[in-house]
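To start, the structure under review is shown below, and the notes come after it.
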Amino acid sequence: MEINFPFSTSRQNPSLMLPTPPTFTKMASMAFPVVQSPRNSTSIFSSNKDQTQNWNALKFVRGKKLLKDLSTWGIGGPCNYFVQVFHQTHLLSAIRYCRVFSIPYVVIGKGSNCLFDDLGFDGCVILNQIDFLERMEPGVYRAGSGFRFNHLGSLSCNEGFTGLEFAAGIPGTVGGATYMNAGANGQETANVIESIDIVTTEGNFRTLNRIDLTFGYRSSSFQDMDNLAAIVAATFRLERSGSAKKRQQELLKRRRATQPVNERSAGSVFRNPVNLGVSAAELIDKAGLKGCSIGGAMVSNIHANFLVNTGASTSQDMLNLIALVKDKVHSKFGVELEEEVLYFHPYWNYANLER
């Protein structure tokens, strides 16, 4: 997950209307229970339509780009600013633009772990298209943070290397998988990372070796790194294996049978509880919530930890369904589920994401 930081250093808890979350990981867990999405009949950025601004060879589009087109959930109104970056220098220029004009920003890849509001986002959305791939030596791959993580997983297994079999089922980017330490089926991203290239909020490029980083379940050092502006690239070291491709095919077959791969979702919505021996999906299922719906948002009948957009879900529908699931699971089992997905309030001035 690529990360960016705005210019406020406030560490206060988010309020209902103008929250400034203390850290990105806390943003998700604190947002859903307390945030009421502001309802209005029109976009908050309608006056900015059809405007563009050019800056250092970058084209910033004003008020036209719909976030539902950038999110796997298919939910979200227009962002105030939108720009695509294809190189690390473009990324740095975009971040500098936001700093110069005091614009909050978010860096996204495939948008597979975020919920944008129907009113949009009062800031700049930077779409990461840094998707190069370099083979440093056999089994060692250096990929841009915008490179598709599932493509890297398939490619490495086809070339006879193990470590990223699970990645073929992750619909995000290298940056997002690194930031969140994505994993499945006994594997996780951290196991094969050799080094990470980042850009800091001061505009400096740095390379961090694996020994410099700490990873946990869906967590990484990047989530608490105060001077991190964005992940630029990651280098992975894999081991040769004659069975990697076969195992990956088995995992993909299982995924197609157990997950709603043909529906609009954000992947797993909740983290699995730690040290309970039961998954979030099992708890939601046992609470009798499969098929439960609010408006156009529904708990999948195939996998209970997937909340799907059946075609007309609003952001408030999804927020309400998430809150309902948490309430029912807590009432029945005494377990407080923690969100893995992230909701962006239209007026948040602190945001970062790439998955």
Side-chain angles (χ1 to χ4, degrees), residues 1-14 19-31 55-56 58 81 83 85 87-109 113-114 121 123-130 142-147 172-182 189-190 193-216 218-236 342 344-345 348-355:
M1 175 172 297
E2 218 148 286
I3 175 172
N4 62 64
F5 289 80
F7 323 111
S8 166
T9 58
S10 170
R11 297 287 174 177
Q12 302 299 314
N13 286 348
T20 303
T23 69
F24 191 55
T25 51
K26 292 181 182 177
M27 183 190 303
S29 61
M30 301 176 74
W55 198 80
N56 282 3
L58 293 176
Y81 297 80
V83 64
V85 296
H87 189 271
Q88 65 183 29
T89 56
H90 297 159
L91 176 60
L92 183 56
S93 291
I95 292 171
R96 283 176 174 166
Y97 176 90
C98 293
R99 290 180 64 89
V100 167
F101 295 102
S102 298
I103 302 168
Y105 62 93
V106 53
V107 183
I108 70 170
N113 226 34
C114 57
F121 178 64
C124 181
V125 172
I126 303 172
L127 182 61
N128 184 352
Q129 305 272 32
I130 306 173
R142 181 173 181 264
S145 52
F147 193 83
T173 59
V174 164
T178 300
Y179 183 91
M180 285 298 295
N181 188 24
T189 309
I193 284 177
E194 182 167 88
S195 65
I196 305 294
D197 299 327
I198 68 169
V199 60
T200 69
T201 51
E202 295 80 25
N204 300 316
F205 291 103
R206 293 177 56 196
T207 298
L208 302 174
N209 295 318
R210 177 62 179 84
I211 196 172
D212 302 319
L213 302 168
T214 301
F215 292 90
R218 301 301 176 268
S219 67
S220 70
S221 303
F222 303 111
Q223 297 170 7
D224 298 314
M225 201 173 289
D226 289 337
N227 69 336
L228 178 64
I231 294 172
V232 174
T235 300
F236 303 91
L342 304 161
F344 292 93
H345 191 285
W348 255 339
N349 66 346
Y350 189 108
N352 52 62
L353 175 64
E354 157 112 12
R355 172 78 185 261

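Just so you know, these numbers use all the heavy atoms, side chains as well, and skip hydrogens, waters and symmetry mates.
Among I231, N128, I126, the single residue meeting the side chain to side chain contact (heavy atoms under 4.5 Å, CB included) criterion with L91 is I126. Partner of T178 under the side chain to side chain contact (heavy atoms under 4.5 Å, CB included) criterion, chosen from T173, L213, I198, I196: I196.
Between the side chain of S220 and the backbone N or O of F215 there is no donor-acceptor pair closer than 3.5 Å. Remark: side-chain polar atoms of R96 are not paired, donor with acceptor, to backbone N or O of R99 under 3.5 angstrom. Although no hydrogens or angles enter the test, the distance criterion places a donor-acceptor pair under 3.5 Å between the side chain of R210 and the main chain of A190. Side-chain N or O atoms of T235 include none that pairs as donor or acceptor with a backbone N or O of E194 at under 3.5 Å. In terms of modelled atom types and a separation under 3.5 Å, the side chain of S195 and the main chain of N209 share no donor-acceptor contact.
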So D197 and T207, side chain to side chain donor-acceptor pair (under 3.5 Å) or not? Walk me through it. CA-CA 4 Å; D197 299 327; T207 298; 2.7 Å; yes
Run the side chain to side chain contact (heavy atoms under 4.5 Å, CB included) test on R206 and D212 for me, step by step, so that the C-alpha distance in whole Å, both residues' side-chain angles and the decisive distance to 0.1 Å come before the verdict. CA-CA 12 Å; R206 293 177 56 196; D212 302 319; over 6 Å; no
Would V125 and Y105 satisfy side chain to side chain contact (heavy atoms under 4.5 Å, CB included), going step by step from the backbone distance to the final call? CA-CA 6 Å; V125 172; Y105 62 93; over 6 Å; no
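Residues N181 and G216 come closest through the heavy atom pair ND2-O, 2.7 Å. Heavy-atom minimum distance, A182 versus R218: C-NH1, 4.1 Å. In terms of heavy atoms, T189 sits closest to A177 at OG1-O, 3.5 Å. Across every non-hydrogen atom of T214 and S221, the tightest pair is N-OG, 2.6 Å.
Considering only heavy atoms from C-beta on, L208 comes within 4.5 Å of M225 through its side chain. In this structure, I103 and Y97 have side chains that are in contact, with non-hydrogen atoms separated by less than 4.5 Å. Looking at heavy atoms from C-beta onward, L127 lies out of side-chain contact with V83 at the 4.5 angstrom threshold. For the pair Q88/V199, no side-chain contact is recorded, criterion being any heavy-atom separation below 4.5 Å from C-beta on.
Put simply, CZ on F147 and CD1 on I130 are 13.5 Å apart, with the number rounded to the nearest 0.5 Å. The CG atom of L92 sits 9.0 Å away from the CG atom of N204 when rounded to the nearest 0.5 Å. The distance from atom CZ of F101 to atom CH2 of W55, rounded to the nearest 0.5 Å, is 7.0 Å.
Note: H90 and H87 have perpendicular aromatic rings, judged against thresholds of 30 and 60 degrees for the angle between ring planes. The aromatic rings of F222 and Y179 sit parallel, their planes meeting at an angle under 30°, below the 60° perpendicular limit.
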